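Contents: one structure, followed by commentary.
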There are 2 protein chains.
Amino acid sequence: MLSYTEENYLKALLKLSSQNQEKPEAGTNEMAAYLGVKPATATDMLKKLKEKGLVSYEKYGKILLTAIGRQNGIAILRKHRLWETFLYEKLDFSWDEVHEVAEQLEHIQSAKLVNKLEEFLDFPEFDPHGDPIPNSKGEMPVVIKTLLSEIEPGATCRVIAVKDTSKAFLQYLEKLQITIGTVLKIIEVINFDRSVNIQIAGSEARNVSMKFADSLFVCR
Amino acid sequence: MLSYTEENYLKALLKLSSQNQEKPEAGTNEMAAYLGVKPATATDMLKKLKEKGLVSYEKYGKILLTAIGRQNGIAILRKHRLWETFLYEKLDFSWDEVHEVAEQLEHIQSAKLVNKLEEFLDFPEFDPHGDPIPNSKGEMPVVIKTLLSEIEPGATCRVIAVKDTSKAFLQYLEKLQITIGTVLKIIEVINFDRSVNIQIAGSEARNVSMKFADSLFVCR
DNA sequence: TAAATTAGTTAGGCTAATCTAACAATATAT
DNA sequence: ATATATTGTTAGATTAGCCTAACTAATTTA
Ligand SMILES: [Mn+2]
Ligand SMILES: [Mn+2]
Ligand SMILES: [Mn+2]
Ligand SMILES: [Mn+2]
């Protein structure tokens, strides 16, 4: 049985490994920063997780999930995303509110609960932010995600996920009436400040920052 | 903000106060036994709860909830019963499975979640065991509950709640096809062993123990 | 390559929640 | 009323998860 805290470390490691692909390991400071603790605290916990066979880690070395650690991390992620979907679909939460509560719900221990929840939600494949939901075997759809910033001017694309899940960004998207599935057309990239002119679902053009364009995943 | 453990103490105290009416206080050992900890542990926690103004308690004296403590306890109970209802109604849990998971879910902190959940469940008044669900103001229906053992032979009554919520009892009820709302008729009480002959929903008579009859709440 | 910077560890301490063992107060029985 | 049993408290220890301060290793820069 894993503690609440141990679970959070595994999930954090999974997240940190899977962003920057080709860099499946993490550092102590990186982990600590992500989890909002001090590096000394992370060192302690990493030793414990190593003892339990959940991470591979040598003093001053890089941190990697073991197969078991990964499996456990994915189980938490599965619960997190299923709960987010529940809150969004069934309880009318907005997509900037779900994460906070799912952070708590993901730690509820009951195999039956998660499987019944999945069934109740009709086996969703993606959470409200467009992230894939692992199935009960830990498998999830692999989707080719392109950043909006990588789309050529003139081209059209469809929003499939958010990279940044902060309230500020999600609320801004809401205001712009951009959601998962919205079709965007890149008009042009302004050379001066690298801001981007986009057309949202066929309406009149709008200017957004490059930071914005770096925070949205789309497919062509 | 209350800790997970503090919440459990308040809920326990609420439970212990409300069973034996005319005895709204509890003892240290009683609390400890109920919570599965040692009396020394309970003493420590009670001092802390007193510090926080949640219980009134003097060394070697009886333990009582303050108004604030009671209010907090009721909020936990509300969540517990709403979650039980959710699991039972929406996720097909059986009534002997819901309690365990609700013990975890009751500690999730989100006012919005509990209120939306209540709405989603269509403002249920009773949980799967027939216990009243406090509303958002902390009020709950007062129901006159009679033990099956107090019903006179010859009389008919309707099951409204279970007093014992153990798996063993609930599964036995299931087997007997007794649920909330089932109509029972007392045929006779056997003098020899005080066992009770009952008719379940009009079917042929059956014999149950006095312990059984002491574990079911009915109304006439 | 030597110095400076960044990353990571260790030692020692704190708090919440638990325990055991010894003790003290209260209640019960003879 | 005294002895006994029950109930509750205290002292001291443990564990998990966190911290700060001081240190060490690894990496980057000049
Ligand atoms: Mn999330
Ligand atoms: Mn979490
Ligand atoms: Mn229950
Ligand atoms: Mn509980």
Side-chain angles (χ1 to χ4, degrees), chain A residues 1-13 16-17 19-20 22-65 69 72-73 76 103-104 106-107 109, chain B residues 1-13 16-17 19-20 22-65 69 72-73 76 103-104 106-107 109:
Chain A
M1 189 98 314
L2 298 176
S3 73
Y4 190 107
T5 307
E6 289 168 336
E7 291 192 339
N8 279 339
Y9 275 79
L10 293 183
K11 198 183 59 151
L13 200 36
L16 294 175
S17 323
Q19 53 199 51
N20 288 9
E22 309 317 313
K23 204 213 91 184
E25 81 283 330
T28 304
N29 287 359
E30 195 183 4
M31 287 286 287
Y34 186 85
L35 290 163
V37 298
K38 299 293 161 176
T41 306
T43 298
D44 284 352
M45 181 55 82
L46 288 168
K47 281 194 243 176
K48 188 162 60 142
L49 293 175
K50 190 206 163 154
E51 265 335 284
K52 292 198 172 189
L54 298 161
V55 304
S56 86
Y57 157 71
E58 294 305 328
K59 222 202 260 189
Y60 292 108
K62 287 304 178 186
I63 306 151
L64 269 169
L65 282 170
N72 277 279
I76 315 295
E103 282 294 302
Q104 298 177 62
E106 74 192 9
H107 301 288
Q109 312 272 186
Chain B
M1 189 97 317
L2 299 177
S3 73
Y4 189 106
T5 308
E6 288 168 336
E7 291 192 339
N8 281 340
Y9 276 79
L10 294 183
K11 198 182 59 152
L13 200 36
L16 294 175
S17 323
Q19 54 198 52
N20 287 9
E22 310 318 313
K23 204 213 94 185
E25 81 283 329
T28 304
N29 287 359
E30 195 183 5
M31 287 286 287
Y34 186 85
L35 290 163
V37 297
K38 300 291 162 178
T41 307
T43 299
D44 283 352
M45 181 56 81
L46 289 168
K47 281 193 242 172
K48 188 161 60 140
L49 293 175
K50 191 208 161 151
E51 264 334 284
K52 292 198 172 191
L54 297 162
V55 305
S56 85
Y57 156 73
E58 295 305 329
K59 224 201 259 192
Y60 294 105
K62 286 303 176 188
I63 305 151
L64 269 169
L65 282 170
N72 277 279
I76 315 295
E103 281 294 302
Q104 298 177 59
E106 74 192 10
H107 301 288
Q109 312 272 184

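Just so it is clear, the values below take in all heavy atoms, side chains as well, and ignore hydrogens, waters and symmetry mates. It should be emphasised that the depicted structure is a prediction, and the values quoted were computed from it without experimental measurement. Here is the naming used below: chain letters follow the sequence lines, and residue numbers restart at 1 for every chain.
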Query - Separation of C:dA16 P from B:Glu51 CD (nearest whole Å) - result: 12 Å

Query raised in the report: Roughly how many Å is it from CE in A:Met45 to P in D:dT15, rounded to a whole number?
Result: 16 Å

Query raised in the report: Atom CG of A:Leu49 to atom P of D:dA16: distance rounded to whole Å?
Result: 12 Å

Query raised in the report: For residues 30-44 of chain A, which residues have at least one heavy atom under 4.0 Å from DNA chain D?
Result: A:Val37, A:Lys38, A:Ala40, A:Thr41, A:Asp44

**Report entry** A:His107 vs B:Gln104 side-chain heavy atoms within contact, under 4.5 Å
**Finding:** no

Query raised in the report: Does A:Lys62 place a side-chain N or O at less than 4.0 Å from the phosphate oxygens OP1/OP2 of C:dA7?
Result: no

**Report entry** For A:Ala26, all residues meeting side-chain contact (heavy atoms from CB on, under 4.5 Å), sequence neighbours excluded
**Finding:** A:Leu13, A:Leu16, A:Glu30, A:Met31

Requested in this report: Please name all residues satisfying side-chain contact (heavy atoms from CB on, under 4.5 Å) with B:Ala32, sequence neighbours left out, ordered by chain then number.
Outcome: B:Val37, B:Pro39, B:Ala42

**Report entry** Protein-nucleotide distance (A:Asn29, atom CG; C:dT9, atom C1'), rounded to Å
**Finding:** 11 Å

Query raised in the report: Once you round it to whole Å, what is the distance between C1' of D:dG8 and NZ of B:Lys47?
Result: 11 Å

Requested in this report: Report the residues that fulfil salt bridge (Lys or Arg N to Asp or Glu O under 4.0 Å) with B:Glu51, sequence neighbours left out, ordered by chain and then residue number.
Outcome: none

Report task. If a pair satisfies salt bridge (charged side-chain N to carboxylate O under 4.0 Å, His left out) and one of its residues is in residues 32-45 of chain B, list it, with sequence neighbours excluded. Result -> none

Query raised in the report: What pairs meet the salt bridge (charged side-chain N to carboxylate O under 4.0 Å, His left out) rule with one or both residues in residues 1-11 of chain B, with sequence neighbours excluded?
Result: B:Glu6-B:Lys48, B:Glu6-B:Lys52, B:Lys11-B:Glu103, B:Lys11-B:Glu106

Report task. Would you tell me if any nitrogen or oxygen in the side chain of B:Thr5 comes within less than 4.0 Å of OP1 or OP2 on C:dA16? Result -> no

Report summary line: salt bridge (Lys or Arg N to Asp or Glu O under 4.0 Å) filter on B:Lys62, not counting sequence neighbours, yields none

Requested in this report: Whole angstrom is fine here: how far is it from NZ in B:Lys50 over to C1' in D:dT9?
Outcome: 14 Å

Report task. Could you list by number each residue of residues 53-61 of chain A showing a heavy-atom separation from DNA chain D of less than 4.0 Å, or answer none if no residue does? Result -> A:Tyr60

Report task. Taking all non-hydrogen atoms of both residues into account, name the closest pair between B:Thr28 and B:Ile63 and its distance. Result -> N-CD1, 3.6 Å

Query - For A:Lys47, side chain to side chain donor-acceptor pair (under 3.5 Å) partners two or more places apart - result: none

